[in-house]
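Heads up, the thing below is written out as structure tokens.
Every number for a ligand or one of its atoms is a count from 1 in the order of the listing.
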Amino acid sequence: MSGLLGKIDAILAAALAAFGEASEVKALEEARVKYLGVKGQLTEQSRTVGSLPPAERPAAGQAVNLALKEAKAAHQAAAARLERANSQKPGLDVTLPGRRRALGRQHLISRTMDEICEIFERLGFSVVEGPEVETDYYNFEALNFPADHPSRDMQESLFVGEGLLLRTHTSPVQIRTMEKRKPPVWIVAPGKTYRRDDDITHSPMFHQVEGLVVDQGITMADLKGVLSAFATAFFSPDTAIRLRPSFFPFTEPSAEVDIACVLCGGRGCRLCKGSGWLELLGSGMVDPALYKYVGYEGEGVTGFAFGLGVDRAAMLKYGLSNIRHLYEGDLRFLEQF
Ligand code: DAH
């Protein structure tokens, strides 16, 4: 019996020392497990009490309980001491340089779109916008794409409902603008466009700037003059353009506009695949068929229109090899612009 009491005293002394010395939460927890855990040394002692002769049990039980109580209190005090030490913040050092908040900036696409619109604004255009979810009527029908006509296949459409789609181009803004305004119209319409397309030069969401001029006596010379002025302002002062015959349902005649290769200046290289030219945009003279949809018949006007890919223009201007760089949000890329 006295042997047991001595043992309890010795274990308690060791436990108190271990708790007192613990300088980290981990060491304190190890000491707790060692003495107070389910298989801890003090806990074990309380179990031996039951195997003593009945007469000895009360005194032994009391001794073990006292020891447990004291050890638990010491453990709690040590835990509180460590918590206090850990929560004490290092002092304020006024000599440290301040933490600068990182400043964001406009995304390359938004900047390019603004830049394009500003160039056209200097040429007398005003900026208008239209919805990204369009009706079949504005996206196709009023632009002279007949229902079931193969020309619709060029535009890999994303439908969102009966007769509703994500606009495949900004051209519907031509119709929406003419419905609301009488000539003269000189507008550009920037915005997001969507197609079922995804590779290194196509993204399912991309950007266009549409242009529309309807006025007295507008000819193809005006189209070429305006687009040439744009190309020299946007790329470089000596950028040449050329018009190639093409087809769009809403322009007649239609032309694809190329710029002299930004890399080789027209001599032929890998970027322009040896041709010396890079395709920049679609354009043409407004097909008079559109006028019956917007009440312009009998106005005696003519016009031209164009649609420019903003992502493509940015890729050409900044030499980007993959359109996905624009949409991955990688700061190492974005911070370069
Ligand atoms: N909307 C055409 C497209 O996305 C581009 C285009 C071509 C727009 C000719 C025009 C135009 O305004 O006149 O493929």
Side-chain angles (χ1 to χ4, degrees), residues 113 116-117 120 123 125 127-132 134-145 149-158 165-179 185-197 201-215 218-228 230-231 241-259 278-291 293-294 296 301-313 323:
M113 199 135 71
I116 292 170
C117 289
F120 284 109
L123 291 169
F125 289 71
V127 177
V128 299
E129 285 183 313
E132 288 171 32
E134 259 305 358
T135 59
D136 184 274
Y137 178 78
Y138 286 110
N139 197 82
F140 292 124
E141 199 179 326
L143 285 166
N144 205 29
F145 288 79
H149 194 273
S151 56
R152 291 190 178 202
D153 293 349
M154 284 163 55
Q155 315 228 351
E156 297 280 350
S157 311
L158 293 158
L165 69 163
L166 298 180
R167 65 179 176 191
T168 57
H169 50 179
T170 42
S171 303
V173 188
Q174 291 189 30
I175 304 297
R176 290 182 173 277
T177 305
M178 288 190 283
E179 274 181 349
V185 166
W186 291 69
I187 56 107
V188 281
K192 290 186 171 64
T193 46
Y194 303 84
R195 283 189 208 180
R196 222 151 28 78
D197 250 351
T201 54
H202 296 89
S203 150
M205 188 274 299
F206 57 108
H207 302 79
Q208 291 189 337
V209 172
E210 190 79 14
L212 174 69
V213 171
V214 184
D215 206 338
I218 296 293
T219 70
M220 210 147 181
D222 298 301
L223 182 162
K224 189 166 185 184
V226 163
L227 293 178
S228 173
F230 165 74
I241 66 167
R242 74 169 181 187
L243 272 57
R244 251 181 318 116
S246 183
F247 171 80
F248 298 101
F250 41 93
T251 45
E252 182 59 35
S254 304
E256 213 79 57
V257 176
D258 299 338
I259 54 166
L278 297 167
E279 188 181 318
L280 182 64
L281 54 83
S283 68
M285 300 307 289
V286 177
D287 192 319
L290 268 55
Y291 295 152
Y293 291 100
V294 298
Y296 274 16
V301 286
T302 50
F304 69 84
F306 57 90
L308 168 87
V310 177
D311 312 70
R312 187 174 168 75
I323 195 171

Donor-acceptor contact below 3.5 Å, side chain Arg312 vs main chain Glu279: yes
Evaluate the side-chain contact (heavy atoms from CB on, under 4.5 Å) criterion for residues Thr251 and Phe304: first the C-alpha distance (whole Å), next the side-chain angles of each, then the deciding distance (0.1 Å), finally the verdict. CA-CA 8 Å; Thr251 45; Phe304 69 84; over 6 Å; no
Counting distance only, does the side-chain N/O of Asp197 pair as donor-acceptor with the main-chain N or O of Glu156 below 3.5 Å? no
Compute the minimum heavy-atom distance from Phe250 to ligand 1 and say whether it is under 4.0 Å. yes
What atoms in ligand 1 come closer than 4.0 Å to a heavy atom of Phe306? 8 (C), 10 (C), 11 (C), 12 (O), 13 (O)
Could you tell me which atoms of ligand 1, counted from 1 in the order shown, lie closer than 4.0 angstrom to a heavy atom of Gly284? 13 (O)
Give me the residue, atom name and distance of the protein heavy atom closest to atom 8 (C) of ligand 1. Gly307 N, 3.3 Å
Has ligand 1 got any nitrogen or oxygen that is less than 3.5 angstrom from a nitrogen or oxygen of Glu210? yes
Is it the side chain (CB and beyond), the backbone, both or neither of Ser171 that lies under 4.0 Å from ligand 1, heavy atoms counted? side chain
Pairs of nitrogen or oxygen atoms closer than 3.5 Å, one from Phe248 and one from ligand 1: do any exist? no
Mutual orientation of the aromatic rings belonging to Phe145 and His169 [parallel < 30°, tilted 30-60°, perpendicular > 60°]: perpendicular
Which bit of Arg195 is near ligand 1, meaning a heavy atom under 4.0 Å away: side chain, backbone, both or neither? side chain
Taking Glu134 as the fixed residue, which of Arg176, Arg167, Lys192 is the one that meets the salt bridge (Lys or Arg N to Asp or Glu O under 4.0 Å) rule? Arg176
Taking side chain as C-beta onward, heavy atoms only, is Thr170 less than 4.5 Å from Pro190? no
Give a yes or no answer on whether the side chain of Arg195 reaches the backbone of Thr168 with a donor-acceptor pair at less than 3.5 Å. yes
Give yes if a backbone or side-chain nitrogen or oxygen of Gln174 is under 3.5 Å from a nitrogen or oxygen of ligand 1, and no if not. yes
In ligand 1, the atoms that come under 4.0 Å of a heavy atom of Thr251 are 13 (O)
